[in-house]
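Written out below as structure tokens is the structure these notes cover.
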Number of protein chains: 2
Amino acid sequence: MSIVTALPVAELTDRIEEIFRKAGLSIAQSAAIARVIAAGEQDACKSHGIYRIEGCLRTLKAGKVVPCAEPVAVADGSAIVRVDARQGFAPLAFEIGLPHLVERTRALGLAALVINDCTHFSALWPEVEALTERGLAGLALCPSYSAVAPAGGQRPLFGTNPMAFGWPRPSGAPYVFDFATSMVARGEIELHRRAGQPIPEGWAIDTEGAPATDPERALAGALLPFGGHKGSAISTMIELLGGPMIGDFTSAEALGVLGSTSLLPRHGELILAFDVEQFARGRPGDPLARAEVLFDAILGQGARLPSQRRFAARARTEVEGIPLTAAELEQLDRFARLGLDALP
Amino acid sequence: MSIVTALPVAELTDRIEEIFRKAGLSIAQSAAIARVIAAGEQDACKSHGIYRIEGCLRTLKAGKVVPCAEPVAVADGSAIVRVDARQGFAPLAFEIGLPHLVERTRALGLAALVINDCTHFSALWPEVEALTERGLAGLALCPSYSAVAPAGGQRPLFGTNPMAFGWPRPSGAPYVFDFATSMVARGEIELHRRAGQPIPEGWAIDTEGAPATDPERALAGALLPFGGHKGSAISTMIELLGGPMIGDFTSAEALGVLGSTSLLPRHGELILAFDVEQFARGRPGDPLARAEVLFDAILGQGARLPSQRRFAARARTEVEGIPLTAAELEQLDRFARLGLDALP
């Protein structure tokens with residue numbers, strides 16, 4: 001693909017915002033979504049960049065998300081902050097809940113943000129990075145919709161159920177991981193399908209439960225969890241904590257409500273925040289300095305830290321802008337011009 | 001091996017307690033340890049049963065654990081309960097902290113128990129099951145000592161870093177998983193070594209970083225994390241939350257202090273507890289009943305729930321007693337007779 005234009009981050013953000021305004025979203029909703037999608041592009045994380053716009057628009061057009069939802073946060077004396085997303089997209093709901101989560105975490109050492117009734121489409125790292133930027137550690141998780149068979153099972157039940165963790169670092173980028181608890185994200189198989197490429201064995205099974213290497217058959221069948229029964233157990237935990245515990249959909253229920261995996265999942269989300277300094281209080285050593293020794297030891301034996309590639313891309317795109325192909329730019333223009341009418 | 005005796009659980013517990021009393025532990029320490037080791041045997045979890053006694057005694061004899069430590073719990077208005085184990089074994093420290101953790105969790109919805117300066121030798125499931133018995137969900141984790149190379153690395157850095165999760169079920173056994181974030185627990189390789197059996201490829205690397213199937217070479221080299229870079233990231237998270245964050249040893253530091261992997265790891269532990277009812281409050285549906293739908297769906301497609309085998313063994317041994325070989329009984333007798341003098 002030939003790169004024709006490098007857009008500054010701010011300019012791309014504006015264009016994405018314009019698209020969602022045209023599609024009927026409120027100013028606040030559009031701005032929050034645009035920030036998250038632009039952040040994906042800025043980090044060269046294409047599967048969570050502008051590629052996601054079409055899915056958002058499709059879900060809007062299907063009437064499955066409330067375009068001008070005004071999320072409401074409720075915080076009390078407890079460690080649980082609740083945000084009712086009112087069936088809008090997740091990013092604004094998170095932004096509304098964040099200051100309350102930070103306040104509760106500083107007050108108690110540990111707190112949780114529960115987001116209910118939101119439509120999710122983005123990675124979780126923007127959320128845990130919002131915590132690390134404030135000096136907190138964070139763990140975020142949510143179900144999605146049934147696409148993954150439990151280890152030893154035959155049919156989709158779990159979602160790709162992502163889990164992200166962030167730890168603040170005194171200088172530079174935080175320690176962050178964010179991954180699907182399936183072998184790969186569903187979007188990864190979708191990208192292979194679009195590129196006409198087979199997928200490696202072990203990623204998925206077909207409708208008969210047999211190993212699938214054809215992306216079409218894999219998408220019709222079931223993804224597999226990462227790490228065998230251990231990954232399957234973690235995915236179950238994500239269903240429980242991000243579903244029944246917070247009174248929101250499991251992945252199976254979300255699929256039942258939507259009736260299709262081609263729309264974005266509606267569900268809840270759980271984010272835990274840890275006040276590192278408060279946990280470490282009264283104990284010897286500075287927790288952040290001690291964590292650096294661990295990171296140095298990982299890097300010192302030639303292993304990588306997760307998200308390193310993402311942070312390197314961020315440093316690059318900040319200077320050089322975000323490279324977009326002619327086809328990508330044309331699509332952005334078409335979406336901005338036609339809004340929901342751009343969809344078939 | 002011929003089974004000669006089936007001991008009732010209470011009788012085995014008494015015998016183990018006697019061993020630790022003989023070895024110089026206080027009544028409270030001995031009783032807490034005996035309960036945990038007997039629970040391992042009761043669940044046919046041999047790698048965490050009486051097999052562990054020798055390691056405990058060895059660590060005592062080496063002067064690396066305080067035999068009559070009186071753990072002290074501190075709870076304030078925050079979500080963090082701290083227990084100073086005072087360099088004793090973990091089980092009593094957990095028991096001392098538990099009521100405070102339960103109180104804080106009921107008060108705030110979410111709370112953490114931090115155990116510092118303890119010597120750990122047991123599985124984590126007894127701890128998360130103590131929470132599920134009280135209607136709470138729980139997540140427990142701790143570093144151990146360097147034995148696992150990070151994905152893409154060459155040398156031991158992480159511990160086998162176990163992680164356990166429990167969810168209460170209205171009837172019968174809870175949902176519980178408890179696993180090492182290495183491909184296998186170190187004890188698993190140790191059992192292969194004793195049995196003179198090779199280990200499967202993928203479990204470990206030798207001192208040169210090459211795949212190892214010889215248990216001796218594997219124990220001299222490094223274990224591998226489960227699930228590639230994802231498991232490696234989770235293991236890193238466990239180091240951070242259960243090490244620097246709570247002001248306690250990382251796995252590398254624990255090994256540095258002990259100087260040997262043949263002694264039990266000294267470190268801290270983090271246990272999170274969730275008040276499921278409080279998280280779900282105001283939302284539709286009963287969280288525990290909704291979770292059962294998920295479990296039914298897992299079992300309904302032929303997959304298993306973790307710990308099923310353990311719970312089946314528990315039901316069996318409760319009726320039939322715990323089967324012990326003549327060699328095992330002889331060792332128990334020898335330990336009870338000689339205490340620390342039973343060791344070379």
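Please read these numbers as outputs of a predicted model, since none were measured by experiment.
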> What distance do A:M237 atom CE and B:Y175 atom OH have between them, rounded to the nearest 0.5 Å?
Replying inline: 9.0 Å
> Based on non-hydrogen pairs under 4.5 Å, which of B:V114, B:L288, B:D275, B:T236 is most in contact with chain A?
Replying inline: B:T236
>> So for A:A252, is it side chain, backbone, both, or neither that comes closer than 4.5 Å to the heavy atoms of chain B?
In response: neither
>> Tell me which of these, B:N116, B:D117, B:I246, B:D286, has more heavy-atom pairs under 4.5 Å with chain A than the rest.
In response: B:N116
>> Can you give me the closest heavy-atom contact between A:G231 and B:F226, atom names plus distance?
In response: N-CE1, 4.0 Å
>> So which residue, B:T181, B:D76, B:L270, B:I298, ends up with the most heavy-atom pairs under 4.5 Å with chain A?
In response: B:I298
>> Please classify the contact between A:A289 and chain B as side chain, backbone, both or neither, with a heavy-atom cut-off of under 4.5 Å.
In response: neither
> Do the side chains of A:F179 and B:I234 get nearer than 4.5 Å, heavy atoms only?
Replying inline: yes
> For B:L305, is it the side chain, the backbone, both, or neither that has a heavy atom closer than 4.5 Å to a heavy atom of chain A?
Replying inline: neither
> So, for A:G247 and B:P284, which heavy atoms are closest and what is the spacing to 0.1 Å?
Replying inline: O-CD, 4.3 Å
>> Taking the side chain as everything from C-beta on, heavy atoms only, tell me whether B:D248 gets closer than 4.5 Å to A:R283.
In response: yes
>> Need one label for B:L299: side chain, backbone, both or neither, based on atoms under 4.5 Å from any heavy atom in chain A.
In response: neither
> So which heavy atom on B:Q301 is nearest to which on A:A149, and how close?
Replying inline: OE1-CB, 4.3 Å
>> Using a 4.5 angstrom heavy-atom cutoff, name the option from A:G268, A:G228, A:A180, A:S251 with the most pairs to chain B.
In response: A:A180
>> Let's go through B:F295 and A:L240 carefully: what are the C-alpha distance in whole Å and the side-chain angles of both, what is the deciding distance for side-chain contact (heavy atoms from CB on, under 4.5 Å) to 0.1 Å, and is it a yes or a no?
In response: CA-CA 10 Å; B:F295 300 137; A:L240 293 169; 3.9 Å; yes
> For B:V276, is it the side chain, the backbone, both or neither that has a heavy atom under 4.5 Å from a heavy atom of chain A?
Replying inline: both
> Are side-chain heavy atoms of B:R82 and A:R281 found at a separation under 4.5 Å?
Replying inline: yes
> Does some side-chain heavy atom of A:T250 sit less than 4.5 Å from a side-chain heavy atom of B:V293?
Replying inline: no
> Under a 4.5 Å heavy-atom cut-off, does chain A meet the side chain of B:A297, its backbone, both or neither?
Replying inline: both
> Most heavy-atom pairs under 4.5 angstrom with chain A, which of B:M183, B:R290, B:R155, B:E239?
Replying inline: B:R290
> Of all of B:Q278, B:R304, B:H229, B:M163, which one pairs up most often with chain A through heavy atoms under 4.5 Å apart?
Replying inline: B:Q278
> What residue, out of B:S78, B:P150, B:P244, B:A151, has the most heavy-atom pairs lying under 4.5 Å from chain A?
Replying inline: B:P244
>> Counting only non-hydrogen atoms closer than 4.5 Å, does B:R104 touch chain A with its backbone (N, CA, C, O), its side chain (CB onward), both, or neither?
In response: neither
> Is there side-chain contact between B:L241 and A:L139, with at least one heavy-atom pair below 4.5 Å?
Replying inline: no
